[in-house]
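Below you'll find the structure, written out as structure tokens, and then a few comments.
Within every chain, numbering begins at 1; the chains are lettered A, B, ... in the order of the sequence lines, protein sequences first and strands thereafter.
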2 protein chains.
Amino acid sequence: MPNRDAYHHGDLRRTLLAAARDLIAERGVGAVSLRELARRAGVSHAAPAHHFTDKAGLFTALAVEGYGLLGDTLAAASADAGAPPAPVGGLALLRELGVRYVRFALAHPAHFDVMFRPELCRETTELAAARERTERLLRAAVPGGPTGPRAEVYSLAAWSAAHGFATLWRDGSLSPDRDGADPEELFLAAADTLFAPAPAGP
Amino acid sequence: MPNRDAYHHGDLRRTLLAAARDLIAERGVGAVSLRELARRAGVSHAAPAHHFTDKAGLFTALAVEGYGLLGDTLAAASADAGAPPAPVGGLALLRELGVRYVRFALAHPAHFDVMFRPELCRETTELAAARERTERLLRAAVPGGPTGPRAEVYSLAAWSAAHGFATLWRDGSLSPDRDGADPEELFLAAADTLFAPAPAGP
DNA sequence: CCCGCATCTTGCCATTGACAAGATCGCACG
DNA sequence: CGTGCGATCTTGTCAATGGCAAGATGCGGG
């Protein structure tokens, strides 16, 4: 009934994705229902199905969008660092990617939530491709390059640290006492501890 | 109707928790419904509510159980390492706790799944206490002790790495190419890379 | 001009979570 | 011994949801 003319051509899909993003950010992924999204978009309860097939389809689309955004920011940092010849081989780029990873998770909580929940998504080739792009970018930032002997382990270590921090912060597991602190600074402090030599005592 | 005599005294709560654990491990947390659990336990559809109040109550109970199990294995390692006077101050204990953290996540996927999903649980004092125990154990394992200047950052770094690895492995984000590898060994390799001096190139 | 297709709607059904009211059992207490 | 109370479980019910089917609507190409 409402806004009959506004839709029926074009941006319902985008509208629904935006509504899902907001709803997840507000009340968590569990509060998402196709009908509620339809209500917010002013369409009938079955309209979303024609764009996403399924609830899983909607989450999958959100996840793909999320991997796209994350990939973009990681690629931008890699491009910046790749231009000057100097710092390649060091940890500067990997560090920067870690910060951006964390920043992304906090700035786009809804996307991040959905990206790492395989039970919510359908494993499409599109999703796999988007995910692989992220992995490639991480592996390419490793000291020694993506083909170096330690590339695997190094990128895995960095990814784990960034992902773990982002996840723990996101779900409130470590905020009680660290509330008010700036998560990015906190992550950098932790990351620098990680990749620094073991302390022999000051 | 079925098994009228077996229940009605005692272990329905335990039975339901076990059923939930199995169901989550089999089909994911999304497949859990109180009614399905009731069906598996052979009781009526409303019986679970009397033990957990709520679906959130069930997940909360599972999470508390999970934190208990995790805390036990971390505490055991800490006790072992605390007895001999020597290795305190080194990274050996923290490393061991990391492995045990990862091992727990892989051995008890259902518990682990629920423990870090605040939107599924109710924040009871019991849950908070169980979680804080874990945090205390991690912080106590840091080189320099839980009151040292770097305790915060160090435990946070280690926790992030272990949690991130466990999470990524668990949801299949890094299995495609690393399938078949032993996750514990992989984690140790990554962890040792993390806390080792930065490579100057061999 | 008309047909086809994408888009959206209406109607429907099984499942679920939650609640209310009643049944059944054990146990303490008189 | 029996009686009443509370814990445990059942039956009945309701609104909300996901998903399917069938129909309406409107745009663009033949």
Phosphate-side-chain proximity, [X] and [N], N/O vs OP1/OP2 below 4.0 Å:
X	N	result
Ser44(B)	dT11(D)	no
Arg39(A)	dA16(D)	no
His51(A)	dC8(C)	yes

Output the single nucleotide from [options] whose closest atom is nearest the side chain of [X].
X	options	value
Asp54(B)	dA18(C), dC19(C), dT17(D)	dA18(C)
Ala47(A)	dG18(D), dT9(C), dC9(D)	dT9(C)
Leu12(B)	dG19(D), dC9(D), dC20(D)	dC9(D)
Leu34(A)	dG18(D), dC19(C), dA18(C)	dG18(D)

Tell me: [atom1] of [X] to [atom2] of [N], nearest whole Å?
X	N	atom1	atom2	result
Arg40(B)	dT16(C)	CZ	P	12 Å
Asp11(B)	dC9(D)	CG	P	9 Å
Leu23(B)	dT16(C)	CG	P	11 Å
Arg122(A)	dG19(D)	CZ	P	9 Å
Leu37(A)	dC8(C)	CG	P	14 Å
Phe59(B)	dG17(C)	CZ	C1'	12 Å

May I ask you to decide whether Glu65(A) forms a salt bridge with Arg14(A), counting only side-chain N to carboxylate O separations under 4.0 Å?
no
May I ask you to verify whether the side chain of His45(B) and the base of dT15(C) hold a donor-acceptor pair under 3.5 Å?
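No pair found.
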Could you tell me whether the side chain of Trp169(B) reaches within less than 4.5 Å of the side chain of Leu186(B), counting heavy atoms only?
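A side-chain contact under 4.5 Å exists here.
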Evaluate the criterion ring-ring contact (aromatic ring centres under 6.0 Å, His included) for residue pair Phe112(B) and His163(B); output intermediate values, then yes/no.
CA-CA 10 Å; Phe112(B) 190 78; His163(B) 188 76; 5.5 Å; yes
Which residue lies toward the 5' end of DNA chain D, Glu36(A) or Ala49(A), if each is placed at its nearest nucleotide?
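Looking at DNA chain D, the more 5' nearest nucleotide goes with Glu36(A).
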Select from Arg35(A) and His50(A) the residue whose nearest nucleotide in DNA chain C is closer to the 5' end of that strand.
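It is His50(A), whose closest nucleotide lies nearer the 5' terminus.
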Under the criterion side-chain contact (heavy atoms from CB on, under 4.5 Å), I'd like the reasoning laid out for Met115(A) against Phe104(A): C-alpha separation, chi angles, the key distance, then a yes or no.
CA-CA 12 Å; Met115(A) 287 160 61; Phe104(A) 169 83; 3.7 Å; yes
Mind telling me whether Tyr101(A) and Phe116(A) have parallel, tilted or perpendicular rings, with 30° and 60° as the class edges?
tilted
